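Remarks on the structure that follows.
Fair warning: this is a prediction, and the values are worked out from it, not measured in the lab. All values below come from the heavy atoms of this structure, side chains included, with hydrogens, waters and symmetry mates left out.
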Amino acid sequence: MGMFIFGLIVGLVIGAIAGFFGARYFMKKYFMENPPISEEMLKTMMMQMGQKPSARKLNQIMSMMKAQQKKEMQKKK
């Protein structure tokens with residue numbers, strides 16, 4: 001009976017650790033593919049600041065943000 005409880009506790013701890021790192025990996029991957037700020041949000045912010053956003057300017061800013069995010073991910077590894 002004692003061995004069963006010990007195995008159960010060890011299994012739960014290993015499962016919790018594996019679940020944490022698995023969820024962390026998938027969330028990083030998700031945010032890399034789907035940044036939390038979209039072009040529509042960026043366009044709205046620029047309009048609020050008094051700028052007239054063009055498609056070229058929006059694409060340039062989005063590509064800069066993605067490049068910065070990739071750079072930060074490379075630093076963390």
- Item | Gln68: side-chain hydrogen bond (donor to acceptor under 3.5 Å, both in side chains) partners, not counting sequence neighbours | Glu72

- Message: I'd like to know if Phe31 and Ile37 are part of one continuous hydrophobic network [Ile/Leu/Val/Met/Phe/Trp/Tyr, side-chain heavy atoms within less than 4.5 Å].
- Response: no

Counting only pairs under 3.5 Å, give me each side-chain donor-acceptor contact of residues 48-63, with atom names and distances, residues two or more places apart or in other chains.
from: Ser54; atom 1: OG; to: Lys57; atom 2: N; distance (Å): 3.2
from: Asn59; atom 1: ND2; to: Ala55; atom 2: O; distance (Å): 3.3
from: Ser63; atom 1: OG; to: Asn59; atom 2: O; distance (Å): 3.2
from: Ser63; atom 1: OG; to: Gln60; atom 2: O; distance (Å): 2.9

- Item | Joint hydrophobic cluster, Met47 plus Met45, side-chain heavy atoms closer than 4.5 Å | no

- Query: Transitively linked via ILVMFWY side-chain contacts under 4.5 Å: Val13 with Phe20?
  - Reply: yes

- Query: Should Ile17 and Ile14 be counted in the same cluster of Ile, Leu, Val, Met, Phe, Trp and Tyr side chains packed under 4.5 Å apart?
  - Reply: no

- At what distance, to the nearest 0.5 angstrom, does CD of Glu39 lie from CE of Met65? 10.0 Å

